[in-house]
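For reference, positions follow the sequence shown, starting with 1.
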Amino acid sequence: MTEPVRVRMYNVGFGDCFVVSIPGPERDHVVLVDCGRHSGTLMDEPPFWDVVERVVADLPRVDGKPAVDVLVMTHRHRDHVHGFSREELWRDVRVGEVWMPWTENDADPVARGLKEQQDASAARSFHALRAFGAGARPAVDIALNSITNQGAMDTLRGFGCPVRYLPDPLRPQGTVLTGRSGGGLGLPAGLTVHVLGPSRDRATITLLDPPPGSAYLRMVPAAAHAHDVAFDAAAPYDSPPLDVPRPWAGDWDISRPEYEARVGAGGAPLVDDDLLAHLDAAACADAEGLAMSVDHALNGTSLVLLFEIGKLCLLFPGDAQWGTWKAMLANPDWEQKLKDVRFLKVGHHGSHNATPVEFVEGYLHDAVAMLSVSATAYNTKGWKEIPKDELVEAMQAAGRLDLLVRSDKPAPRSPRVTSDPGGFWTEVRLDVDGGP
């Protein structure tokens with residue numbers, strides 16, 4: 001019998017850190033997906049940096065060094081990358097490849113301009129909100145979650161290995177990566193990875209909230225769909241009460257010939273400054289609204305990866321929101337793969353707009369799901385509703401899930417589930433032959 005794939009969810013609090021271990025003839029091959037914690041996380045047991053040290057200590061050894069075959073950064077939010085901000089903890093780790101969304105590619109002028117604007121806007125909102133003191137703590141933390149996180153990004157780019165920015169601009173809707181045999185680090189033989197997002201289409205990447213009926217909401221007015229229901233929608237950007245520059249000011253558009261000369265032709269849609277037009281149209285009269293807008297925009301850039309090995313499909317959607325999901329569900333080439341998913345990393349910690357009704361009710365069956373979440377210091381309605389009860393209940397309806405493992409709850413009793421005695425992680429085993 002083929003050895004199972006193991007997925008380990010580390011207990012980082014409100015954040016993500018997953019290790020996928022794929023058995024090989026000589027050693028386990030490892031894919032590490034994110035490592036971070038939101039600054040508003042209440043829990044600190046075990047302490048976050050102890051968890052990060054444990055992640056490194058648990059990695060398999062190659063030539064005596066801890067090794068990661070593929071390190072995935074789904075997007076640049078603090079709750080996904082903060083664990084990399086202490087470079088000294090990762091200094092001895094050998095990494096085969098680092099994968100990031102295309103929006104992090106500094107050689108891509110469109111991506112570079114987008115990132116510069118997001119960084120500047122997050123920083124402006126953060127510094128403006130600091131003037132309000134403790135009363136604005138949730139909004140300050142939201143702004144902090146989106147700020148550059150430059151130390152973590154420097155660590156991720158400093159492993160001396162290839163960095164892939166996905167999807168491939170020449171194959172924006174069909175990037176498929178396949179493993180190879182051999183003793184080196186990298187994607188192992190027998191593993192295929194389908195890149196389902198983020199899109200390079202501006203209409204897709206900016207569509208963040210589902211329409212009524214596609215999200216797990218209760219008693220929410222239709223108008224609330226213009227913004228995340230977790231926070232009050234900001235007033236239009238007419239006369240800001242703060243000295244905060246217009247969020248998307250500046251000209252970073254380029255011509256298609258220049259774009260193709262710098263990043264390669266191939267028919268990929270050119271994303272220009274209209275990429276964030278929906279934010280400008282709904283733009284903020286205050287720094288809290290600006291912080292929320294940047295936070296949502298970064299979620300829209302999340303990598304979405306479907307791992308396929310044998311008959312087993314594992315879906316890691318990061319924090320991808322409605323636009324990405326809508327494109328995924330509308331793509332006939334991906335329909336059967338999504339129906340074959342037997343492992344789901346629940347998106348965006350179980351929020352209302354990151355796992356649509358259509359996927360849960362039409363695609364999800366006989367699966368294992370892992371949900372990384374914890375209590376936060378915030379009392380606002382949206383934060384208290386993560387994870388969304390309606391989503392959790394719908395996933396647990398008959399036939400949809402075999403197991404739901406949550407980091408904020410005791411692990412379910414199952415021969416497929418193992419928990420670390422110190423509370424550092426919970427692990428599930430998955431049969432690559434399609435059995436239970």
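- Between V95 and L185 there is no side-chain heavy-atom pair separated by less than 4.5 Å.
- Taking every heavy atom of both residues into account, R157 and E104 meet most closely at NH2-O, 2.7 Å.
- The CD atom of E390 sits 10.5 Å away from the NE2 atom of H352 when rounded to the nearest 0.5 Å.
- The backbone N or O of D168 lies less than 3.5 Å from no partner atom in the side chain of W102, so there is not a single donor-acceptor pair.
- L166 is listed as a side-chain neighbour of L303, based on a closest heavy-atom distance under 4.5 Å.
- You'll find the ring centres of H38 and H348 outside the 6.0 Å limit.
- Judged by distance alone, with hydrogens and angles left aside, the side-chain atoms of H365 form a donor-acceptor pair with the main-chain N or O of K339 at under 3.5 Å.
- The minimum heavy-atom distance between P412 and L404, with the atom names listed, is CG-O, 3.8 Å.
- Taken to the nearest 0.5 Å, the CD atom of Q396 stands 10.5 Å off from the CG atom of L403.
- For the atom pair CG (L344) and CE (M370), the distance works out to 11.0 Å, reported to the nearest 0.5 Å.
- Under a 3.5 Å cut-off, the side chain of H349 and the backbone N or O of S372 do form a donor-acceptor pair.
- The minimum heavy-atom distance between L338 and M328, with the atom names listed, is CD1-O, 3.9 Å.
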task = For Y363 and K337, run side-chain contact (heavy atoms from CB on, under 4.5 Å): C-alpha distance rounded to whole Å, both residues' side-chain angles, the deciding distance at 0.1 Å, then the answer.
result = CA-CA 10 Å; Y363 291 77; K337 297 297 182 189; over 6 Å; no
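- D340 approaches C313 most closely through the heavy-atom pair O-CB, 3.6 Å.
- Side-chain contact between F14 and I386 is present, with at least one heavy-atom pair separated by less than 4.5 Å.
- When each of T426, D58, D420 is checked for a side-chain hydrogen bond (donor to acceptor under 3.5 Å, both in side chains) with Y10, only D58 meets the rule.
- To the nearest 0.5 Å, atom CZ of residue R76 and atom OG1 of residue T103 are 7.0 Å apart.
- When each of L191, V432, V30 is tested with I22 by the rule side chain to side chain contact (heavy atoms under 4.5 Å, CB included), just one qualifies, namely L191.
- At distances below 3.5 Å, at least one donor-acceptor pair connects side-chain atoms of S407 with backbone N or O atoms of V373.
- A donor and an acceptor atom, one from each side chain of E97 and W99, are located under 3.5 Å apart.
- H80 places a side-chain heavy atom less than 4.5 Å from the side chain of D319.
- In this structure, the side chains of Y165 and D108 stay at 4.5 Å or more apart for every pair of heavy atoms.
- How far CZ of R78 is from CZ of R37: 9.0 Å, rounded to the nearest 0.5 Å.
- Residues passing the side chain to side chain contact (heavy atoms under 4.5 Å, CB included) test with A367, sequence neighbours excluded: L364, L401.
- Using modelled atom types and a 3.5 Å distance limit, the side chains of R429 and T418 yield a donor-acceptor pair.
- Remark: side-chain polar atoms of D69 are paired, donor with acceptor, to backbone N or O of G186 under 3.5 angstrom.
- Ionic pairing of K345 and D34 is not present here: no N-O contact between side-chain nitrogen and carboxylate oxygen is shorter than 4.0 angstrom.
- Note on ring orientation: taking the six-membered ring where Trp is involved, the planes of F18 and F316 are perpendicular (angle over 60°, cut-offs 30° and 60°).
- With sequence neighbours left out, T155 forms a side chain to side chain contact (heavy atoms under 4.5 Å, CB included) with F84, E87, W90, F159.
- For the atom pair CG (L391) and OG1 (T355), the distance works out to 5.0 Å, reported to the nearest 0.5 Å.
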request  = Please report the C-alpha distance between V417 and R413 in whole Å, then the side-chain angles of each, then the deciding distance to 0.1 Å, and finally whether the side-chain contact (heavy atoms from CB on, under 4.5 Å) criterion is met.
outcome  = CA-CA 7 Å; V417 178; R413 292 185 178 181; over 6 Å; no
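- Side-chain contact between C17 and L32 is present, with at least one heavy-atom pair separated by less than 4.5 Å.
- Aromatic ring orientation, H75 versus H77: perpendicular (interplanar angle above 60°, classes split at 30° and 60°).
- Between S302 and P317, the shortest heavy-atom distance links the atoms CB-O, 4.1 Å.
- Annotation: side chain of V19 is not in contact with side chain of R6 (no heavy-atom distance under 4.5 Å).
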inquiry  = Determine whether R416 and V428 satisfy the following criterion, side-chain contact (heavy atoms from CB on, under 4.5 Å), listing intermediate values before the conclusion.
reply    = CA-CA 5 Å; R416 291 187 289 167; V428 295; 5.5 Å; no
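- Across D50 and F424, no two heavy atoms sit closer than the pair O-CE2, 3.6 Å.
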task = Go through the steps for M73 and M100 under the test side-chain contact (heavy atoms from CB on, under 4.5 Å), then give the verdict.
result = CA-CA 5 Å; M73 187 219 47; M100 300 183 184; 3.8 Å; yes
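- Residues P356 and L329 have side chains in contact (heavy-atom distance under 4.5 Å, counting atoms from C-beta outward).
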